[in-house]
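What follows is a single structure, written as structure tokens, with notes after it.
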Protein chains: 2
Amino acid sequence: MTDAQQLGFRALSDPTRRRILQLLAREDLTIAEVAENFQMTRAAVKKHLAILNEGHLIKVETVGRTRRNSLDPDGLRRVYDWFGFFDQFWDDRLNALKSEIEKDVQ
Amino acid sequence: MTDAQQLGFRALSDPTRRRILQLLAREDLTIAEVAENFQMTRAAVKKHLAILNEGHLIKVETVGRTRRNSLDPDGLRRVYDWFGFFDQFWDDRLNALKSEIEKDVQ
DNA sequence: ATTAAATGAAACCATTCGGTATCACATGGA
DNA sequence: TCCATGTGATACCGAATGGTTTCATTTAAT
């Protein structure tokens with residue numbers, strides 16, 4: 001258990017962590033830079049980053065004495081794909097997309 | 001805080017609750033019927049259903065002495081849509097979907 | 001009217017969670 | 001070398017979480 005998808009969903013369950021992902025969508029950031037956007041301590045932010053990393057939603061690259069955090073699109077995709085199970089329940093959106101594409105094809 | 005989206009993400013963070021949603025995707029179920037699929041007590045399952053309801057991921061209809069639980073596609077979509085923020089990061093999937101549909105069309 | 005069935009609800013418990021404070025370690029620059 | 005900067009890591013705390021047990025309430029059926 002505690003498979004990758006579960007760790008991903010767990011990581012997304014906290015609003016701070018979701019906001020961090022949105023920050024990282026704009027640019028890669030060090031821990032300190034991420035922490036500037038919140039009122040909590042750097043240690044708390046680091047914990048959030050660790051959980052995001054466990055869920056494979058971000059990647060970390062050590063550069064000298066800093067650590068650059070960046071989005072991991074593949075991990076995000078793995079969670080996102082879970083919703084595909086329910087495609088039948090929001091046909092309206094899929095159909096809208098489909099007719100858009102069909103228009104392109106013709 | 002504790003907005004609708006947060007309650008949705010919170011509801012999805014537990015694997016039991018995600019499995020319940022998949023069961024309800026096939027058919028509406030009473031609490032007892034949902035509980036048959038798990039080893040935990042009915043009381044525990046009922047708690048999970050309450051959290052799913054708070055996140056607006058399911059709807060509940062009282063029928064006599066039973067309660068029929070059904071999927072709430074709108075609430076599910078509200079969580080799903082959060083991922084739209086990251087569209088730029090998985091263009092490959094959109095393209096894969098597009099070619100799948102194009103194959104259907106031809 | 002009784003009784004069984006389906007659910008509601010509360011008390012309780014161990015664990016996890018989100019946060020803090022604190023200290024140690026590593027690295028770059030004067 | 002010395003020191004400031006950026007990070008790692010641990011102990012600790014209150015609150016939330018996921019589960020149980022137990023009992024009350026409502027409804028269907030005999």
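Keep in mind it's a predicted model, so treat the numbers as computed, not measured.
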#### Entry: side-chain contact (heavy atoms from CB on, under 4.5 Å) evaluation trace for B/His48 with B/Met40
CA-CA 11 Å; B/His48 283 304; B/Met40 66 191 73; 3.8 Å; yes

What nucleic acid atoms does [X] come within less than 4.0 Å of, heavy atoms only: base, sugar-phosphate, or nothing?
X: B/Thr41; value: base
X: A/Arg17; value: sugar-phosphate
X: A/Ala32; value: sugar-phosphate

Between [N] ([atom2]) and [X] ([atom1]): distance, integer Å:
X: A/Ile20; N: C/dG18; atom1: CD1; atom2: C1'; result: 12 Å
X: B/Leu49; N: C/dG8; atom1: CG; atom2: P; result: 9 Å
X: B/Glu61; N: C/dA6; atom1: CD; atom2: P; result: 17 Å
X: B/Ile31; N: C/dA5; atom1: CD1; atom2: P; result: 17 Å
X: A/Gln6; N: C/dT16; atom1: CD; atom2: P; result: 13 Å
X: B/Arg10; N: C/dC17; atom1: CZ; atom2: P; result: 14 Å

Does any N or O in the side chain of [X] come within less than 3.5 Å of the main-chain N or O of [Y], such that one atom is a donor and the other an acceptor?
X: B/Asp28; Y: B/Arg68; value: no
X: B/Arg17; Y: B/Ala11; value: yes
X: B/Glu54; Y: B/Ile51; value: no

### Query
Earliest and latest nucleotide of DNA chain D, 5' to 3', sitting under 4.0 Å from a non-hydrogen atom of chain B?
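Nucleotide range with atoms under 4.0 Å of chain B: D/dT17 to D/dA28.
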
### Query
Quick one: does A/Trp82's side chain get under 4.5 Å of B/Gln22's, heavy atoms only?
yes

### Task
Ignoring backbone atoms, test whether A/His48 places a side-chain nitrogen or oxygen under 4.0 Å from the OP1 or OP2 oxygen of C/dC17.
no

### Query
Using a distance-only test with no angle check, is there a side-chain donor-acceptor pair under 3.5 angstrom linking B/Arg18 and A/Gln6?
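Judged by distance alone, the side chains do pair up.
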
### Message
A/Phe83 vs B/Asp81, test: side-chain contact (heavy atoms from CB on, under 4.5 Å). Steps then yes/no.
### Response
CA-CA 10 Å; A/Phe83 290 88; B/Asp81 285 344; over 6 Å; no

For nucleotides 22-30 of chain C, give me every protein contact, N/O to N/O, under 3.5 Å, one pair per line with atom names.
{"from": "C/dT27", "atom 1": "O2", "to": "A/Arg65", "atom 2": "NH1", "distance (Å)": "2.7"}

### Query
How do A/Thr62 and A/Lys47 order along DNA chain D: which one's closest nucleotide is nearer the 5' end?
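Looking at DNA chain D, the more 5' nearest nucleotide goes with A/Thr62.
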
### Query
For the rings on B/Phe86 and A/Tyr80, is their centre-to-centre separation under 6.0 Å?
no

### Query
Is the shortest distance from a Lys or Arg side-chain nitrogen in B/Asp74 or B/Arg78 to a carboxylate oxygen in the other one below 4.0 Å?
no

